[in-house]
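Sequence lines set the chain letters: A, B, ... in the order given, protein chains first and strands last, and positions in each chain run from 1.
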Amino acid sequence: VTGLLVLAAMAVVIGSIMQSATGFGFALVAAPVLFPVLGPKEAIGTLLVLACVGSALILAAERRRPQPLWPDATVIIATSLPGAVGGIAVLRSVDSVTLQYAVTGSVFVAPCSCAATPHGAKSWAVRRGGRRPRRDSPRALSPRRPTRAGRRYCFT
Amino acid sequence: LRVRDTINVCYLGLSTVSAAALWATHTSGAVPDPIVLAALVPLVIVGHRAGRPIFERLVGDGAYERVLTGTLVAAVLLGLVTALL
């Protein structure tokens with residue numbers, strides 16, 4: 001067992017913990033390590049299967065009824081089709097080292113793009129189901145700003 | 001919980017789309033090794049079990065974003081190290 005394999009196993013565990021704790025992040029942690037260990041193509045196939053297992057566990061193994069926002073999920077999945085085909089074109093045409101740098105770069109861009117979003121995921125969650133401030137509350141003057149109750153709702 | 005559930009429904013859908021795209025374009029070499037999967041799937045289950053209480057704790061403490069940002073930065077550093085290796 002090489003050091004890289006141990007590193008890959010650790011990345012999978014840490015990625016799974018992050019996925020379970022926050023709802024996403026498995027591939028962000030595991031992909032940069034699995035790519036050099038398994039090679040780009042096999043790493044993608046492996047990541048797909050492992051990500052499915054992690055997501056299925058979150059949705060089906062917590063003894064509760066999942067409550068996804070179906071309209072949003074449908075739009076996101078439908079718009080991913082062109083991206084999936086484009087990704088395969090990149091996978092076929094780019095060498096493994098360049099792909100590794102691309103994966104690392106995309107991991108770096110992800111938090112930056114979140115920070116650049118004006119209202120972020122929290123207000124999205126509030127907009128899609130969190131509590132709104134009372135009409136007579138001063139906070140009602142700025143309804144885009146999540147209330148404490150709404151903020152709490154996002155992650156519970 | 002709704003956000004977390006939505007993200008994971010999207011992941012399942014995206015994974016299906018990606019797998020279908022790989023199959024449709026006859027991309028060779030993307031089939032995972034069963035031995036590797038047999039070794040890594042239990043680790044995913046262990047990680048899921050360990051992460052669930054952390055999720056509940058993050059909700060209570062309001063530390064979600066700090067932990068998330070820290071983990072993302074660690075992932076970037078890890079990726080750079082492995083790319084250099």
Side-chain angles (χ1 to χ4, degrees), chain A residues 9 11-25 28-29 32-33 36 38 41-42 44-46 48-59 62 66-69 72-73 76-77 80-81 84-85 88 91-92 100-101 103-104 107-108 110-111 121 125 128-129 154-156, chain B residues 1-22 24-25 27-33 36-37 39-41 43-55 57-59 62 64-65 67-69 71-76 78-80 82-83 85:
Chain A
V12 167
V13 173
I14 294 169
S16 303
I17 291 172
M18 190 174 166
Q19 178 91 10
S20 180
T22 65
F24 72 101
L28 288 174
V29 178
V33 184
L38 301 176
K41 289 182 180 176
E42 192 182 331
I44 285 174
T46 306
L48 284 177
V49 174
L50 296 179
C52 280
V53 171
S55 295
L57 284 170
I58 286 174
L59 292 170
E62 294 185 350
Q67 296 178 310
L69 300 163
D72 296 88
I76 290 169
I77 293 166
S80 73
L81 281 165
V85 176
I88 288 173
L91 178 66
R92 286 179 157 191
Q100 173 68 19
Y101 281 115
V103 168
T104 304
V107 169
F108 182 71
R128 300 298 305 180
C154 300
F155 306 114
T156 52
Chain B
L1 269 179
R2 297 204 77 182
V3 173
R4 189 165 168 261
D5 284 352
T6 305
I7 291 170
N8 283 282
V9 166
C10 290
Y11 277 147
L12 283 176
L14 295 175
S15 299
T16 308
V17 167
S18 302
L22 286 169
T25 55
T27 304
S28 61
V31 179
D33 185 345
V36 173
L37 281 183
L40 295 182
V41 166
L43 298 180
V44 173
I45 296 170
V46 168
H48 171 75
R49 297 220 168 198
R52 176 67 192 173
I54 296 173
F55 170 65
R57 207 166 152 187
L58 287 177
V59 168
Y64 175 84
E65 287 189 22
V67 171
L68 189 64
T69 306
T71 312
L72 286 172
V73 171
V76 170
L78 198 63
L80 281 173
T82 51
L85 288 174

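If you tally non-hydrogen atom pairs under 4.5 Å between each of B:A19, B:A30, B:A21 and chain A, the highest count goes to B:A30. Ranking A:P66, A:A21, A:G45 against chain B, the residue ahead of the rest is A:A21, based on heavy-atom pairs under 4.5 Å. Ranked by heavy-atom pairs under 4.5 Å with chain B, the list A:S20, A:C52, A:A56 is led by A:S20. When each of B:V44, B:I45, B:I54 is checked for heavy-atom pairs under 4.5 Å with chain A, B:V44 comes out on top. Among A:L57, A:V85, A:L81, A:V13, the residue with the largest count of heavy-atom pairs under 4.5 Å with chain B is A:L57.
Residues meeting the side chain to side chain donor-acceptor pair (under 3.5 Å) test with A:T46, sequence neighbours left out: none.
In this structure, the portions of A:I58 lying under 4.5 Å from any heavy atom of chain B include both its backbone and its side chain. When heavy atoms are compared at a cutoff of 4.5 Å, B:L58 approaches chain A solely by way of its side chain, counted from C-beta outward. At a 4.5 Å heavy-atom cutoff, the contact between B:V41 and chain A is made by backbone and side-chain atoms alike.
Of the residues B:L40, B:L37, B:V36, B:V31, the one that meets the side-chain contact (heavy atoms from CB on, under 4.5 Å) test with A:V49 is B:L37.
Residue B:I7 holds its CD1 atom at 11.0 Å from CG of A:D72, rounded to the nearest 0.5 Å. In this structure, CZ on B:R4 lies 8.5 Å from OG1 on A:T22, to the nearest 0.5 angstrom. Atom CG in A:L69 sits 3.5 Å away from atom OG1 in B:T6 (nearest 0.5 Å).
B:H48 approaches A:S16 most closely through the heavy-atom pair N-CB, 4.1 Å.
In this structure, the side chains of B:L22 and A:K41 stay at 4.5 Å or more apart for every pair of heavy atoms.
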For residues 9-17 of chain B, which side-chain N or O atoms pair as donor and acceptor with protein atoms under 3.5 Å away, sequence neighbours left out?
from  : atom 1 : to    : atom 2 : distance (Å)
B:S15 : OG     : B:Y11 : O      : 2.8
B:T16 : OG1    : B:L12 : O      : 2.8

